[in-house]
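Worksheet: one structure, shown below.
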Number of protein chains: 2
Amino acid sequence: MKRVTLEEVARVAGVSRATASRVVNGASSVDESLRHAVQRAISSTGYLPNIAARSLVTRRADAIGLLLPDERRMDGDPHLASVVSGVTRVVRPLGVHLVLMMTGPGTREQAMSDLRCGRLDGVILVHTDPADPVPGQLIAAGLPVVLAGRPLEPMPITYVDVNQTAGAALAARRLKSLQCNRIATITGPQDTPAGQDRLAGFLAEVPDAVVVHGDFTRQSGMAAMERLIRCCPDVDGVFIASDLMANGAIPVLHRSGRKVPDDVAVVGFDDSSAALTSEPELTTVRQPITDMAAEMARQLLRQITEPRSPAVSVVFEPSLVVRDSG
Amino acid sequence: MKRVTLEEVARVAGVSRATASRVVNGASSVDESLRHAVQRAISSTGYLPNIAARSLVTRRADAIGLLLPDERRMDGDPHLASVVSGVTRVVRPLGVHLVLMMTGPGTREQAMSDLRCGRLDGVILVHTDPADPVPGQLIAAGLPVVLAGRPLEPMPITYVDVNQTAGAALAARRLKSLQCNRIATITGPQDTPAGQDRLAGFLAEVPDAVVVHGDFTRQSGMAAMERLIRCCPDVDGVFIASDLMANGAIPVLHRSGRKVPDDVAVVGFDDSSAALTSEPELTTVRQPITDMAAEMARQLLRQITEPRSPAVSVVFEPSLVVRDSG
DNA sequence: GGTGAGCGTGAGAGCGCTCTCCCAATCCTG
DNA sequence: CAGGATTGGGAGAGCGCTCTCACGCTCACC
């Protein structure tokens with residue numbers, strides 16, 4: 001089982017290596033008969049182009065990186081599979097590899113050098129720490145990068161996000177339509193755009209809502225709900241800024257003797273798997289994660305093929321998924 | 001920002017390209033002073049080796065693939081992040097890339113050609129369909145491959161698994177120690193090794209257990225539990241072969257007026273996130289997923305560096321995580 | 001019939017790296 | 001101190017591919 005090269009294919013087809021290469025790469029200007037000869041030679045020899053050799057001359061790796069937060073932070077995030085799936089859908093038909101990198105010591109630097117030494121053509125950054133300097137560095141270096149979610153500080157970087165504000169408004173209107181009188185919200189961390197926007201969007205609809213802070217984790221959801229029913233026992237509708245927090249909060253409600261949704265209506269955000277494992281199943285705001293991931297991939301590929309193309313932001317509209325909790 | 005090559009480094013350091021290469025690759029036989037000169041040259045020029053060029057001559061891609069089932073099947077699988085994390089931990093320090101491939105039309109063939117054309121050095125196969133011919137083909141071609149989980153048919157292939165039988169026995173003993181008299185189990189699909197072994201291991205300890213079949217999904221957990229309480233209303237202890245099924249089953253128990261764990265003790269399997277989002281939190285059998293993934297990566301790397309090394313199986317011992325459900 | 005445009009093809013120069021020689025310098029041993 | 005053994009470094013040949021360039025051919029037009 002020896003490797004078969006383009007040279008070999010050319011020999012078998014009776015053409016030059018250049019012509020064989022043209023056929024492999026689908027160049028148009030090749031005579032039909034020669035094209036067929038080459039194609040026959042390819043299948044008869046079982047030829048597969050050596051990517052390293054190609055990559056060496058084209059200076060393209062045909063691989064992109066997906067930079068993820070590490071397991072701990074990912075833990076709560078049910079989206080990984082959806083993100084991977086969305087990116088894959090766009091990227092695979094083009095033969096581009098998806099390289100996964102979990103944040104750990106030195107990962108981001110690693111990704112930078114992979115990018116610079118041509119091992120990666122671009123990266124998608126997920127859940128970036130607002131203080132992280134990497135996105136800025138990448139942009140400054142003119143390297144293709146796409147962010148999942150709006151950056152905290154405005155910067156000329158391409159990102160894909162869901163309309164968080166609109167999503168929170170959807171939740172607010174649902175609660176109002178349920179005739180809730182005493183409405184509260186458990187927020188996400190206020191140092192993240194998602195946390196901020198979900199609160200702002202909600203308050204825009206329900207200005208007098210009771211606000212209790214959380215940080216998107218289950219734990220914080222439990223704690224926040226305990227505080228909420230203590231400070232505001234007559235609450236009858238609550239928007240919880242992530243399903244995971246809602247998942248922690250609902251048992252607290254139950255233990256306090258309140259029924260969901262009869263006594264207290266609950267609306268979550270994310271439509272993650274936590275929405276289905278809650279009891280009752282969560283009414284929640286859905287983000288089209290897979291589509292968003294696909295769009296990130298598309299944006300990244302565009303940047304790769306058209307360097308220095310302008311930064312854009314693509315914002316998807318969320319939708320309300322009505323289940324049993326509110 | 002032009003690319004700096006080894007040639008350039010050699011020039012700056014005043015040595016030959018060969019020597020510079022030796023330093024980059026950590027060859028021992030280089031004079032200290034020259035080594036330092038080269039290292040200075042590397043950092044002053046900001047040199048990064050071009051992986052494609054290296055790969056072309058070494059015939060190593062320094063990348064491995066992780067072949068996953070598609071999103072639908074993955075959906076229930078809470079392990080993805082843990083698997084990725086475990087593999088990453090082993091692989092990154094070596095500068096090896098982790099390429100994610102979700103099964104879709106043509107993925108497996110794609111992976112095969114990536115392997116053959118030297119774009120991937122090896123693959124880890126997760127949740128392979130028992131009928132899938134790919135593992136066999138890979139083995140036949142002498143390509144490095146590691147399976148997550150024992151293959152259904154015995155074959156000379158390296159795999160890493162948890163001792164499913166022992167795990168089920170752990171659950172059984174827990175239920176017995178709780179003085180349960182009427183013990184049942186909800187199984188996984190019986191055409192998978194995991195499904196088979198968990199049932200067998202359980203029956204070995206509780207031969208007279210009531211057996212109801214499921215397929216690892218939440219839905220099936222609900223349905224199975226409904227059947228169970230109908231056919232066996234006095235059940236007071238049940239081993240459910242996956243946390244996800246347990247997560248679907250517990251609300252059924254609640255709705256039937258049974259309290260968990262007071263009326264019915266429940267033990268799950270996996271220690272996935274579904275165990276924590278259940279109410280009450282699940283007592284379950286834990287598999288050390290991250291460690292197992294790391295071991296898979298190690299085994300794969302060994303096969304890559306030592307081709308034709310014998311197939312081995314590594315089996316991890318599970319442990320019981322006692323929480324509130326049983 | 002001469003000229004020029006247009007097109008398909010082949011020759012060949014690299015892309016940046018590793019690695020095998022081979023030579024020179026140093027070391028040990030008798 | 002001669003001889004061989006050992007060691008470090010350099011020259012250079014590729015790895016397999018793409019892509020530019022120039023060549024030869026056909027065709028149209030004046």
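Numbers restart at 1 for each chain; the letters A, B, ... are given by sequence-line order, proteins then strands. Just so it is clear, the model here is predicted, and its values are computed rather than measured.
- Between B:A18 and A:T5, the residue whose closest nucleotide on DNA chain D is further toward the 5' end is B:A18.
- In this structure, CG of A:L34 is placed 17 Å from P of C:dC7, rounded to the nearest angstrom.
- Nucleic acid contact for A:I51: none, since no nucleic acid atom lies under 4.0 Å from a heavy atom of the residue.
- The shortest distance between the side-chain N/O atoms of B:S16 and the OP1/OP2 oxygens of D:dG9 is not below 4.0 Å.
- Separating the CG atom of A:L56 from the P atom of C:dA13 is a distance of 17 Å, rounded to the nearest angstrom.
- Look at NE2 on A:H36: it is 16 Å from P on C:dG8, rounded to the nearest Å.
- Both B:V15 and B:V57 sit near DNA chain D, but only B:V15 has its closest nucleotide nearer the 5' end.
- One N or O donor and one acceptor, one from the side chain of A:R22 and one from the base of C:dG10, sit under 3.5 Å apart.
- Considering only heavy atoms from C-beta on, A:T107 stays 4.5 Å or farther from A:M102 through its side chain.
- Taking atom CZ of A:R59 as the reference point, atom P of C:dG16 lies 4 Å away to the nearest angstrom.
- Nearest heavy atom pair, residue B:V90 against residue B:P93, reads O-CD, 3.5 Å.
- If you check every strand for non-hydrogen atoms under 4.0 Å, B:R17 touches a base.
- Phosphate contact (OP1/OP2 of D:dC15, side-chain N/O of A:N50, threshold under 4.0 Å): absent.
- Judged by distance alone, the side chains of B:E295 and B:Q299 do bring a donor and an acceptor atom under 3.5 Å apart.
- The nearest whole Å value for the distance from the CD atom in A:E7 to the C1' atom in C:dG10 is 12 Å.
- Take the nearest nucleotide of DNA chain C for B:T19 and for B:A52: the residue whose nucleotide is more 5' is B:A52.
- Comparing D:dC17, D:dG9, D:dT18 against the side chain of A:Y47 picks out D:dC17 as the nearest.
- For the pair B:R54 CZ and C:dT18 P, the interatomic distance rounds to 5 Å; values are reported in whole Å.
- Counting heavy atoms from C-beta on, the side chains of A:I51 and A:D62 never come closer than 4.5 Å.
- Following rounding to the nearest Å, B:R60 (CZ) and C:dG16 (P) show an atom-to-atom distance of 23 Å.
- Between A:E8 atom CD and D:dC17 atom P the separation is 11 Å, expressed in whole Å.
- The pair A:R22-A:D31 fails the salt-bridge criterion, with no side-chain N (NZ, NE, NH1 or NH2) lying under 4.0 Å from an Asp/Glu carboxylate O.
- Picking from D:dC17, C:dC17, C:dC19 the nucleotide with the shortest atom distance to the side chain of B:T58 gives C:dC19.
- Which of C:dG10, C:dT18, C:dC15 sits closest to the side chain of B:S21 comes down to C:dT18.
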